[in-house]
Amino acid sequence: MMPQSPAEVRTTYARAIVQLSSVDKRNRWRVRLEERLVRSFLFLCAVLGVVTTFAIVFILTRESLTFFKHVSLREFLTGTVWAPTFAEKSYGVLPLVTGTLLTTLIAMAVSGPVGLLTAVYLSEYASPRVRRVLKPTLEVLAGIPTVVYGYFALTFLTPLLQRFIPALEGFNALSAGIVMGIMILPTVASLSEDALYAVPNSLRHASLALGATRFQTVWGVVVPAAMSGISAAFLLGISRAVGETMIVAIAAGQQPNFTFNPLRAIETMTAYIVRITMGDTPHGSVEYQTIFAVGLLLFLITLGLNLASEFIRQRYKGARL
Amino acid sequence: MKRRIFQWAVALATASILVSCGKQETTPSQPQTTSATTELSGTIRVDGSSTVLPISEAVAEEFQKQHPKVQVPVGKSGTGGGFKKFANGEVDIIGASRPIRESEDALCRQNGIEYIEIPVAYDAMAVVVNPQNTWCDYLTVAELKKIWEPAAEGKIKSWSQVRPGFPDEPLVLFGAGTDSGTFDYFTAAIVGKEKASRRDYNPSEDDDILVQGVSRTKGALGYFGLAYYENNRDKLKLLGIDNGKGPVKPSRETVINGTYQPLSRPLFIYVNTKSLERPEVEAFVKFYIQNAGKLAEEVGYIALPDKVYELALQRVEKRITGSVFGAKGSQVGVKLEELYQIKEPTK
Amino acid sequence: MIRVESRPEWRMREYRREQLFQLVGALIVLFALTTLVVLLTTVLLDGYARLLDIKFFTNFPSRRAEEAGIKAALVGSAYLLLLTAAIAIPIGVGAAIYLEEFAKRNWFTRLVEINITNLAGVPSVIYGLLGLQVFVRTLHMDRSLLAGACTMALLALPVIITAAREGLRTVPNSLRYGSLALGATKWQTVRYTVLPVAMPSILTGVILALSRVIGETAPLLVIGAVVYIGTLPDSLFAPFTVLPVQIYNWTTRPQHAFQENAAAGIIVLLLLLLTINATAIYLRNRYQKRLPL
């Protein structure tokens with residue numbers, strides 16, 4: 001269906017003209033009505049996103065209020081011990097935040113460079129046949145249930161790494177982070193590749209015609225031109241890492257340590273939420289309401305990340321063609 | 001264009017009819033099956049603790065073989081999540097790895113929901129070490145307390161601190177996740193206060209992960225459900241527990257005769273009395289009590305004495321509501337026969 | 001950024017750099033592939049035996065590992081996916097069309113856009129909490145297929161919108177101008193010119209976005225998908241279970257035979273994903289051509 005030659009473009013127009021000519025003058029008001037109706041329907045669809053956000057914020061805030069009646073905001077945000085389910089309770093959320101940041105950083109350190117290089121390789125270097133085989137294979141990686149990745153990190157990667165790093169604990173942020181990086185690699189690679197592939201050939205040809213090498217063309221022309229798509233891919237990768245639950249719950253331990261040491265056991269915000277929602281803590285108690293406070297904080301963190309990246313993306317907009 | 005709008009309207013109408021039909025389909029089970037002689041049908045919603053889940057699953061499976069028209073979906077929301085749904089009237093039966101708590105009891109009362117508490121099986125906790133651990137065969141309750149109490153945090157780090165004569169091997173601890181009924185019970189039984197535990201251990205909700213941890217660390221000590229030990233005998237070493245009468249290892253016999261103390265606990269189901277008026281629910285609950293022992297053993301738990309099941313059946317028939325634990329959470333070393341006996345009203 | 005050099009030694013260096021880069025690229029792709037192979041081999045070795053047993057596909061779950069099957073989970077996953085698609089695709093594509101073709105560049109549009117990017121990053125657990133409060137409790141859908149599909153639709157929407165927008169962007173403006181110049185209204189342009197051209201790439205993106213729904217566990221556990229069920233869902237309001245929930249449930253069982261079931265379940269899940277992705281990729285390869293510009 002994609003028009004490729006001028007002839008096919010003409011066919012597309014011809015089809016449109018046939019459709020349009022069925023609309024005579026008497027029908028014009030109907031056309032206008034339809035235009036209005038469709039427009040409002042589409043508008044509603046777009047607004048649903050805003051509604052969802054407000055619903056999330058509303059529910060999380062309403063439920064966290066119970067929590068913040070018992071625990072001051074200051075204690076929550078600055079405390080370094082997270083132990084709501086112990087006899088001696090403590091509600092400092094920082095260990096969960098550092099746990100989330102740590103695993104995300106490790107995951108992005110793996111999937112960022114590897115993902116971009118893979119994308120560049122697939123889009124600019126690999127032969128069409130290799131690309132046709134490799135890309136779907138890579139996308140399979142994205143589909144493996146995260147539970148499987150979790151056990152892979154725990155029973156395969158951790159013992160392997162322990163041979164080289166004896167200080168590595170049985171549950172640790174490092175192998176969870178690396179495996180998480182592998183999990184989001186396809187997302188980053190595939191979306192970056194789409195962006196690179198969408199850069200029109202005319203740009204490549206122009207660059208090559210000026211005498212640039214392929215390497216120079218790729219890094220000097222194609223990658224900058226695709227930057228908005230690539231940053232979107234990275235963003236989605238970070239969001240996936242921040243939101244990933246099962247891998248960290250299984251392989252990183254469930255021990256909220258206030259540390260940036262990747263060799264130690266940690267707990268992330270998401271892992272904590274899932275643990276409590278499925279656990280035996282009575283609902284409605286302060287211990288239980290912590291998940292909404294943590295959820296709200298998590299939501300605000302992702303919001304902050306996205307606003308920042310939106311700002312960065314605006315600067316690259318000029319490069320989009 | 002008119003036709004297209006018409007099509008949309010038809011589609012919408014169809015959709016809404018479908019939706020409303022679907023809605024009706026979920027309710028008719030209550031009034032229609034009035035006589036017990038007709039074939040039972042309807043949906044019985046079961047949810048709750050992941051510990052009780054395997055038993056409920058097995059019972060549902062067997063029950064559905066006899067009553068194929070009854071649907072028994074079983075969910076897994078944890079004991080806390082289960083009680084929340086139970087108190088909202090969203091489910092008929094929940095499994096619980098600990099007795100109901102005061103706040104949950106209050107919520108039920110507030111929503112006008114009455115319940116019958118039924119013990120279904122024993123779950124024993126195994127204390128295990130790595131097979132390479134040659135120095136330790138048993139621990140006393142006092143030693144366990146020394147290891148696990150909050151004051152031990154950051155201090156008891158080597159086996160040599162546990163008992164004189166143990167080697168200076170680093171002590172690495174694995175245990176139940178901190179929001180689980182297992183954790184509540186273990187802390188209550190060993191430290192003497194629910195949820196009082198050191199924090200620097202490796203917790204996990206998933207016992208399989210704990211097995212992995214203990215089996216890979218020489219100085220490891222861990223506790224989890226006995227079923228996980230029995231399925232991983234080659235990777236773990238089971239310890240006896242000395243409660244003042246010499247070391248006892250957990251087994252079917254020691255749990256039932258009450259010598260494996262304090263680390264065996266009962267598991268429960270709670271039934272909404274309003275749901276119990278539905279014949280399919282009543283049949284299911286009775287079936288559950290009659291088969292719980294056999295099926296619990298099949299999935300790795302230990303059956304209660306027959307006497308307790310009999311008492312439980314009587315409670316269902318006489319509709320005796322409330323918890324014998326007074327909604328106070330985990331209690332240690334209870335004799336179920338006595339508890340359920342005493343509460344029998346003297347009519 | 002682009003240096004054009006004619007001196008031969010520089011050319012040589014550029015050439016070597018090229019070669020080196022190609023090698024690094026190939027190695028890195030190999031790294032990803034090796035991981036995949038190692039992972040799949042472990043899973044296959046664990047689970048292949050169960051796959052040869054037809055009962056594994058035709059039985060409901062059971063306490064006996066060798067009798068347990070994935071019938072309910074497989075059918076549940078399929079229903080959930082279709083229902084989610086039926087809800088999410090019209091809304092998602094609609095929103096994308098609005099944002100790409102109709103919306104004016106003003107603060108409100110920006111708000112909607114930022115919202116959608118942000119929602120794509122909201123952890124799936126939070127959608128679970130939302131679904132539990134809104135669909136299960138407030139709208140009284142209970143723990144039904146419909147409640148699950150609505151929750152999953154919300155989860156998939158941002159990704160679908162983004163994918164559909166990318167698809168719409170591949171349509172060159174010249175086509176739009178052409179249509180508008182012929183006197184078509186905006187909607188007519190979209191309907192008769194833009195959508196037919198963009199449809200393949202929209203579909204590809206949307207299908208890939210939906211494939212995420214199939215592997216998702218956490219939100220369904222939160223809203224309370226059941227883990228044991230002995231019947232197939234017969235209405236929108238029936239309780240249901242899905243493959244990942246069933247797999248997760250099996251992995252937490254102490255008996256090792258259940259681990260084999262879990263591995264076999266994973267293989268089935270992967271095959272399902274592969275089929276879906278293959279459809280998407282078939283569409284993409286068939287229609288993705290660089291545009292004449």
Side-chain angles (χ1 to χ4, degrees), chain A residues 1-2 4 12-13 16-17 19-20 31 35 38-39 42-43 45-46 48-50 52-53 55-56 59 114 117-118 121 125 132 134 136 138-141 143 145 147-148 152 182 185 200-202 210-216 220 236 239 243 245 270 273-274 277-278 295 298 302-303 306 310, chain C residues 1-2 4 14 17-18 21-22 25 28-29 32 35-36 39 91 94-95 97-99 102 112 114-126 130 133-134 154 178-179 182 184-185 187 192-193 196-197 211 215 218 221-222 244 248 251 266 269 273-274 277 281 285 287 289-290 292-293:
Chain A
M1 261 191 236
M2 176 77 67
Q4 292 162 58
T12 310
Y13 284 139
I17 292 168
Q19 300 280 2
L20 291 171
V31 173
E35 185 85 9
V38 164
R39 217 189 144 108
L42 297 177
F43 179 73
C45 291
L48 187 70
V50 185
T52 312
T53 307
I56 291 176
I59 283 171
V114 176
L117 283 177
T118 311
Y121 178 78
Y125 287 87
R132 256 211 310 276
L134 278 188
L138 209 58
E139 274 160 8
V140 170
L141 271 174
V147 180
V148 183
F152 182 68
I182 294 171
L185 172 67
N201 265 343
S202 52
L210 285 171
T213 63
R214 208 144 137 206
F215 187 86
Q216 289 168 329
L236 199 67
S239 313
T245 316
T270 48
I273 294 176
V274 162
T277 44
M278 290 172 63
L298 186 59
T302 47
L303 183 71
N306 283 327
E310 190 65 26
Chain C
M1 254 191 251
I2 305 165
V4 181
E14 286 294 342
R17 198 155 69 166
E18 193 94 334
F21 180 75
Q22 221 163 346
I28 274 181
V29 176
T35 325
L36 182 68
L39 244 167
I91 298 178
I97 292 174
Y98 179 80
L99 290 174
F102 286 88
V112 173
I114 291 175
N115 235 299
I116 287 163
T117 8
N118 187 47
L119 282 176
V122 172
S124 53
V125 190
I126 290 183
L130 180 72
Q133 294 291 345
V134 175
L154 284 187
S179 170
L182 286 170
T185 62
W187 170 236
Y192 298 115
T193 309
V197 175
S211 71
L221 285 174
V222 174
Y248 180 60
T251 58
I266 289 165
L269 185 61
L273 272 165
L274 218 60
N277 283 10
I281 284 149
N285 284 344
Y287 296 109
K289 304 268 159 59
R290 282 187 186 168
L293 266 180

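Only the side chain of F152(A) comes within contact range of chain C, judged by heavy atoms closer than 4.5 Å. At a 4.5 Å heavy-atom cutoff, the contact between L303(A) and chain C is made by backbone and side-chain atoms alike. Using a 4.5 Å cut-off between heavy atoms, F102(C) touches chain A through backbone and side chain atoms alike. The contact between T302(A) and chain C is made by backbone and side chain atoms together, counting heavy-atom distances below 4.5 Å. With a 4.5 angstrom heavy-atom cutoff, I56(A) touches chain C via backbone and side-chain atoms both. For V114(A), the parts lying near chain C are the backbone and the side chain together; criterion is any non-hydrogen pair under 4.5 Å. With a 4.5 angstrom heavy-atom cutoff, F215(A) touches chain C via backbone and side-chain atoms both. With a 4.5 angstrom heavy-atom cutoff, I91(C) touches chain A via backbone and side-chain atoms both.
Nearest heavy-atom pair across A95(C) and C45(A) is N-CB, 3.4 Å. Contact detail for L298(A) and P123(C): the closest heavy-atom pair is CD2-CG, 3.3 Å.
For the options V38(A), T270(A), I182(A), heavy-atom pairs under 4.5 Å to chain C are most numerous at V38(A). Chain A forms more heavy-atom pairs under 4.5 Å with one residue of G178(C), G215(C), S124(C) than with any other, namely G178(C). Contact count versus chain A (heavy atoms, under 4.5 Å) is highest, among L273(C), L130(C), I266(C), for L130(C).
Remark: V112(C) engages A46(A), V50(A), L99(C), F108(C), I116(C) in a side chain to side chain contact (heavy atoms under 4.5 Å, CB included) (not counting sequence neighbours).
Relative orientation of the F21(C) and Y125(A) rings is tilted, given thresholds of 30° and 60° on the angle between their planes.
Atom CG in L48(A) sits 9.0 Å away from atom CG in L119(C) (nearest 0.5 Å).
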Report task. Take V134(C) and I59(A) through the test side chain to side chain contact (heavy atoms under 4.5 Å, CB included) and record every step on the way to the result. Result -> CA-CA 9 Å; V134(C) 175; I59(A) 283 171; 3.8 Å; yes
